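Scroll down for the structure; my scribbles are underneath it.
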Number of protein chains: 2
Amino acid sequence: MTSQRRVVAEVLDGEHVHLTADEVHARAVAKLPEISRATVYNTLGELVSLGEVLEVATDKRAKRYDPNAHQPHHHLVCARCGAIRDVHPTGNPLADLPDSERFGFTVSDVEVTYRGVCPNCAGG
Amino acid sequence: MTSQRRVVAEVLDGEHVHLTADEVHARAVAKLPEISRATVYNTLGELVSLGEVLEVATDKRAKRYDPNAHQPHHHLVCARCGAIRDVHPTGNPLADLPDSERFGFTVSDVEVTYRGVCPNCAGG
DNA sequence: GATTGACTTGGACTGAGTCCAATGTAGGAT
DNA sequence: ATCCTACATTGGACTCAGTCCAAGTCAATC
């Protein structure tokens, strides 16, 4: 493990962060001025492969990186400001997909994104 | 309504299509050779605003446009080849999000994406 | 101290999408 | 039928996120 990778891992440390790659890069630069974007992308890619970090694509702009990979959860996104909260719905959506709706697929994963308006945006 | 818009609407006609904007453009060009990409994007954007077509962002590449907007449904995506099927799970995931997990948001919508491997990719 | 191989760098490149000024056109007014 | 005008279309430049690659760096090994 190199100093660059350590810095990227440190940036992602913390529970409720959902940073874009560029935001990760910006924060990494603050700690290690000459780290490059390419290295940040490489390291994020490795962390994702290792299962340490999740990619979330809640908006259609940049992917976000979610360090809370070990507790399964879904996301609630504000349609106005883009704020993201981790949420834990009851029930298991995988169980809600009957065999007749699986078309022979081996279904392994489900991703749920709730959309709405956050109190800040609603209040203003 | 102009001929360009008619052509875009025609391309999207059909139940189980999930085309990217470029694919829509390619098919539109086959019917109306000089239609531009910008017009295809404009028209798709309007159809989305009108609620006639849904944007789906199942992979991290191009958005796809789903003309099946009037029957609520979710998507099942093959992790290998990207094939997309419309699915209709039982249950209502909105009801599965308790108030305590809404953080004051006004939640209006939920999007569920199942991932797995399709029979083609599994068999090969 | 030289070799090695993995890691990093920066810049060029790609793909998807947006923006904008110039041009074209549908369809109502005359 | 012709004219007008507001709106639609065009194409090209631009942005943004991300990938690729050749060259450079570094640490551990021989």
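Chain letters run A, B, ... following the sequence lines, proteins first, then strands; residues in each count from 1. The analysis underlying the following values was restricted to heavy atoms, covering all of them including side chains, and did not include hydrogens, waters or symmetry mates. Quantities reported herein were computed from a predicted structural model and do not represent experimental measurements.
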Tell me the interatomic distance from [X], atom [atom1], to [N], atom [atom2], rounded to whole angstroms.
{"X": "B/Leu44", "N": "C/dT18", "atom1": "CG", "atom2": "P", "answer": "10 Å"}
{"X": "A/Arg5", "N": "D/dA27", "atom1": "CZ", "atom2": "P", "answer": "14 Å"}
{"X": "B/Glu46", "N": "D/dA8", "atom1": "CD", "atom2": "C1'", "answer": "9 Å"}
{"X": "B/Glu34", "N": "D/dA8", "atom1": "CD", "atom2": "P", "answer": "21 Å"}
{"X": "A/Ile35", "N": "C/dC7", "atom1": "CD1", "atom2": "P", "answer": "14 Å"}

Option from A/Gln4, A/Arg6, A/Arg5 for which side chain to side chain contact (heavy atoms under 4.5 Å, CB included) with A/Thr43 holds: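 Going through A/Gln4, A/Arg6, A/Arg5 one by one, the side chain to side chain contact (heavy atoms under 4.5 Å, CB included) with A/Thr43 is satisfied by A/Arg5 alone.
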
Exactly one of B/Asp86, B/Val87, B/Leu76 should register a side chain to side chain contact (heavy atoms under 4.5 Å, CB included) with A/Glu101. Which one does?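 For A/Glu101, the side chain to side chain contact (heavy atoms under 4.5 Å, CB included) test succeeds with only one of B/Asp86, B/Val87, B/Leu76, which is B/Val87.
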
Residues 84-112 of chain A vs ring pair (Phe, Tyr, Trp, His ring centres under 6.0 Å), sequence neighbours excluded, gives none

Which ring pair (Phe, Tyr, Trp, His ring centres under 6.0 Å) pairs, counting each pair once, include a residue from residues 53-75 of chain A, with sequence neighbours left out?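 Found A/His18-A/His75, A/His73-A/His75.
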
What protein N or O atoms touch nucleotides 20-26 of chain C N or O atoms at under 3.5 angstrom, if any, and at what distances?
none

Considering just the side-chain nitrogens and oxygens of A/Thr39, establish if one lies under 4.0 Å of OP1 or OP2 belonging to C/dT9. yes

side-chain contact (heavy atoms from CB on, under 4.5 Å) with B/Arg115: which residues, sequence neighbours excluded? A/Asp109, A/Glu111, B/Val77, B/Thr113

Could you please spell out the steps behind the side-chain contact (heavy atoms from CB on, under 4.5 Å) verdict for B/Arg64 and B/Asp59? CA-CA 9 Å; B/Arg64 293 175 176 276; B/Asp59 60 20; 4.3 Å; yes

Does the distance from a Lys or Arg side-chain N to an Asp or Glu carboxylate O, for B/Glu10 and B/Arg27, drop under 4.0 Å? no

Might you list the N or O atoms of the protein lying below 3.5 Å from N or O atoms in nucleotides 16-18 of chain D, with each pair's distance?
unit_1: D/dG18; atom_1: OP1; unit_2: A/Lys63; atom_2: N; d: 2.8
unit_1: D/dG18; atom_1: OP2; unit_2: A/Tyr41; atom_2: OH; d: 3.0
unit_1: D/dG18; atom_1: N7; unit_2: A/Arg37; atom_2: NH2; d: 3.1

Results of salt bridge (charged side-chain N to carboxylate O under 4.0 Å, His left out) for A/Arg85 - residues two or more places apart only: none

